[in-house]
Amino acid sequence: MPAPRVRIAPSPTGPLHIGTARTALFNYLYARRNGGTFVLRLEDTDVARSTLAFEADILEQLHWLGITWDEGPDAAGGEDRGPFGPYRQMQRLERYAEAAARVLAEDKAYPCYCTPEELDADRKAQEAAHKPPRYVGRCANLTLEERAARETEGKRGALRFRVPAGKIRFDDLVRGEVEIDTANLGGDFVIVRSDGTPLYHFTVVVDDAAMEMTHIIRGEDHLSNTPKHILLFQALGHTVPAFAHLPLILNPDRTKMSKRKSQTAIADYRAQGFIPEALVNYLALLGWSTGTEEEILSLDELAGRFDLEHVQKGGAVFDRERLEWLNGQWIRRLDAEDLIERLQPFLEADRDAGRIDLVPSPEELRPLVPIIQERLPTLGAIGDLVGFLWIEDLSVDTVTLVPKRWDRDTTLAALRAAREAILESIGPVTFEADELEPPLRALAEARGWKAGDLFMAIRVAVTGRTATPPLFDSLVALGRERTLARLDRAIATLEGMEVPA
RNA sequence: GCCCCCAUCGUCUAGAGGCCCAGGACGCCACCCUUUCAAGGUGGAGAUCAGGGGUUCGAAUCCCCUUGGGGGCACCA
């Protein structure tokens, strides 16, 4: 088998979509596994909706995921790389024009002068008659003279491809044999607009042919379009590539995943602190499996195992909980320095949003790694977890200050005693977790309090929260002075509390 | 409406005629660990393999029908 050539052909009409990312991933994995070439081509012929910003997002997020391509544009607006360029469709217009001229000359396509109003009327009539929409062929048999007459009237024709009668069958690599009667294709279809710009079905095929693609791996939503593409490949005199249609990624209601019902932009997952290792791992397992029970797999490991045989046929519901679990798995596998570095942007975002007052340095973060690493489902959860460490002015209300089974007076007594214990028995120089625990446990014992209750009172007084990393580690991270200051403040708050008579 | 595709626990899936009165993972529930929260460990609930017919000594696995779901039918991509 010659080395496969596969591609991803995103349209820069929106930010990188999770479905596009997965299709890109599957193509990438297929190329890597089989010693093939992975091409990126930008389908930007929808000038009205395409933007450079979306183009930039698509390239950047793919890079971020680690999905690299062998041919294609490197950066938004940047240079192309590879022998089949350009890789932006708007720079390939002459090629479509040339191909269009050829099919026109061979009468495999013809100019159509129908107005949008006429086409609309046709469609409505068909609908009323409960018939499938289909081009009626009004312009299919115009003579050269008739065409010339329209042109003289100043009419510009769209180019319609003649759909021959017959059945198209192809062997889909994931679905097996598929057969579709061309009678169900909706009649002759437009390949070039009346303004001269080419349409999707035409450009994909012209480019896939020119770029010598051997396998077209794409979403199932293209399955019904495949006969049109096959017809076009044949009309252009090109070998028909192999097709593999992937199951769709679904919303929880099992409809095709959409922005409206799900979070679809890769950039949004990234902004929430999902890491590429997890996203790639999760996406690969959406619709594909190793056939074994392995499931934590890196991009390279995936590339070593990928095959089309294990691609699922039915659609797969996107399960965010499972993604979060995987993300946690991958976060726990990060080494300390890497985690610290990756946390930085999230801390800055928290500071910019006013959730914390200052961003800790890597040095401050380093000792925290053991207690936070296993508690982070996402990088974005950092502020929620230990943000109390970087808040200047922590105030806690009396309601949360008093533990569930305690009253104000007990809490007050406990905090005062705890403050004393910390002040007296623990030196300012070596303020460590091992040192803090014994005296406080002894205190609880002496007063007949449950250690857990005492610890909870201190925890809330000092962090403002009932769920935190281990208490003594938290106190150490906070430091002796701030620990005492926060205890003082909590005590003062409780002293000022209205006590019902 | 027409065409095409699909159908195993709530979800992602293993399973390619006997190893399956169906295995794993997420989630859920217990318990253990434990100062809270996590993480981790152990155990549990959860699928008459959509339903019905065949084929076969034997079917989740093959065939047919039904039902259900999805996708596609543009001068969008």
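Remember, predicted model here, so these are calculated numbers, not experimental data. Reminder, nothing fancy here: chain letters follow the sequence lines and each chain counts from 1.
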Touch class at under 4.0 angstrom, heavy-atom based, for Gly291(A) against every strand present: sugar-phosphate
Nearest-angstrom distance from the residue atom CG of Leu326(A) to P of rU13(B): 13 Å
C1'-based separation of rC62(B) from rG1(B) [nearest Å]: 33 Å
N or O in side chain of Arg193(A) less than 4.0 angstrom from rA77(B) OP1/OP2: yes
Sugar-phosphate, base or nothing in reach of Gly328(A), heavy atoms under 4.0 Å: nothing
Along RNA chain B (nearest heavy atom to each residue), the more 5'-positioned of Leu385(A) and Pro10(A): Leu385(A)
Under-4.0 Å side-chain N/O to phosphate OP1/OP2 contact, Gln329(A) with rG40(B): yes
Stacked cation flag Arg22(A) on Phe26(A), 6.0 angstrom / 45 deg: yes
Sugar-phosphate only, base, or nothing, as touched by His245(A) at under 4.0 Å among non-hydrogen atoms: nothing
For atom CG of Leu223(A) and atom P of rC4(B), their distance in whole Å: 11 Å
Nucleotide of rC26(B), rC75(B), rC73(B) approaching Pro133(A) most closely (side-chain heavy atoms): rC73(B)
G-U wobble or Watson-Crick pairing nucleotide for rC76(B) (cut-off 3.5 Å, both distances): none
Partner nucleotide of rA7(B) by Watson-Crick or wobble geometry (both distances under 3.5 Å): rU67(B)
side-chain contact (heavy atoms from CB on, under 4.5 Å) between Leu339(A) and Leu379(A), intermediate numbers included: CA-CA 9 Å; Leu339(A) 176 59; Leu379(A) 299 176; 3.8 Å; yes
For rU36(B), the Watson-Crick or wobble counterpart (both distances under 3.5 Å): none
Atom pair distance, as rounded to whole Å: CG in Asp473(A) and P in rA39(B): 17 Å
Under-4.0 Å side-chain N/O to phosphate OP1/OP2 contact, Arg123(A) with rC2(B): no
Among rA77(B), rG10(B), rG71(B), the nucleotide that comes nearest once only the side chain of Leu248(A) is considered: rG71(B)
Sugar-phosphate, base or nothing in reach of Phe318(A), heavy atoms under 4.0 Å: nothing
Candidates rA25(B), rC12(B), rA77(B) - which lies nearest the side chain of Val317(A): rC12(B)
Atom P, compared across rG44(B) and rC6(B): separation rounded to whole Å: 37 Å
Interatomic distance, Lys124(A) NZ vs rA74(B) C1' [rounded to whole Å]: 14 Å
5'-most by nearest nucleotide on RNA chain B - Gly452(A) or His310(A): His310(A)
Same-atom distance (C1') from rU61(B) to rA7(B), integer angstrom: 14 Å
C1'-based separation of rA59(B) from rG43(B) [nearest Å]: 33 Å
Tyr269(A)-Phe318(A) aromatic ring centre distance below 6.0 Å: yes
Distance in angstrom units between Ile371(A) CD1 and rU36(B) P, rounded: 16 Å
Nearest-angstrom distance from the residue atom CD of Glu437(A) to P of rU34(B): 11 Å
Leu42(A) CG - rA77(B) P separation (whole Å): 14 Å
Residues Asp207(A) and Thr203(A): side-chain donor-acceptor under 3.5 angstrom: no
Donor/acceptor link under 3.5 angstrom from Ser224(A) side chain onto base of rG71(B): yes
Whole angstrom value for the distance that separates C1' of rC73(B) from NZ of Lys256(A): 13 Å
Atom C1', compared across rA45(B) and rG27(B): separation rounded to whole Å: 13 Å
Closest nucleotide among rC75(B), rU13(B), rG23(B) to the Glu293(A) side chain: rG23(B)
side-chain N/O Arg465(A) vs rU36(B) OP1/OP2, d < 4.0 Å: no
Short side-chain N/O contact to rC12(B) OP1/OP2 from Arg254(A), under 4.0 Å: yes
Polar side chain donor-acceptor pair, Thr226(A) to Arg218(A), under 3.5 angstrom: yes
salt_bridge(Arg405(A), Asp453(A)) N-O dist < 4.0 Å: no
Donor-acceptor pair present, Arg375(A) side chain and rC37(B) base, under 3.5 Å: yes
Side chain Asn251(A), main chain Lys256(A), donor-acceptor under 3.5 Å: yes
Under 4.0 angstrom between Arg320(A) side-chain N/O and rC26(B) OP1 or OP2: no
Out of rG1(B), rA77(B), rG10(B), whichever nucleotide has its closest atom nearest the side chain of His222(A): rA77(B)
Side-chain donor/acceptor of Arg322(A) to base of rA25(B), under 3.5 Å: yes
Quiz item: Arg441(A) side-chain donor-acceptor pair to rU35(B) base, under 3.5 Å: no
Residue-phosphate contact under 4.0 Å: Ser289(A) side-chain N/O, rC12(B) OP1/OP2: no
Any Gln312(A) side-chain N or O less than 4.0 Å from OP1/OP2 of rA14(B): yes
Base-pairing mate for rC19(B) - Watson-Crick or G-U, with both contacts under 3.5 Å: none
Touch class at under 4.0 angstrom, heavy-atom based, for Glu179(A) against every strand present: sugar-phosphate
P gap between rU67(B) and rG52(B), integer Å: 15 Å
Test item: side-chain donor near acceptor, Tyr110(A) and Asp188(A), under 3.5 Å: yes
Out of rG40(B), rC5(B), rC76(B), whichever nucleotide has its closest atom nearest the side chain of Leu199(A): rC76(B)
Rounded P spacing from rG69(B) to rC64(B) in Å: 22 Å
Parallel, tilted or perpendicular: ring planes of Phe161(A) versus Phe189(A), cut at 30 and 60 degrees: tilted
Under 3.5 Å donor-acceptor pair, Ser194(A) side-chain atoms to rC75(B) base atoms: yes
Residue Ile180(A), side-chain heavy atoms: nucleotide from rC4(B), rC26(B), rA77(B) that is nearest: rC4(B)
From rC5(B), rG24(B), rA77(B), nucleotide with atom closest to Glu220(A) side chain: rC5(B)
Side chain of Trp325(A) (C-beta onward), nearest among rA77(B), rA25(B), rG1(B): rA25(B)
Interatomic distance at C1', rC12(B) relative to rC28(B), whole Å: 16 Å
Proximal nucleotide (of rC26(B), rC75(B), rG71(B)) relative to the Asp221(A) side chain: rG71(B)
Test: Arg333(A) and Glu277(A) ion pair at under 4.0 Å: no
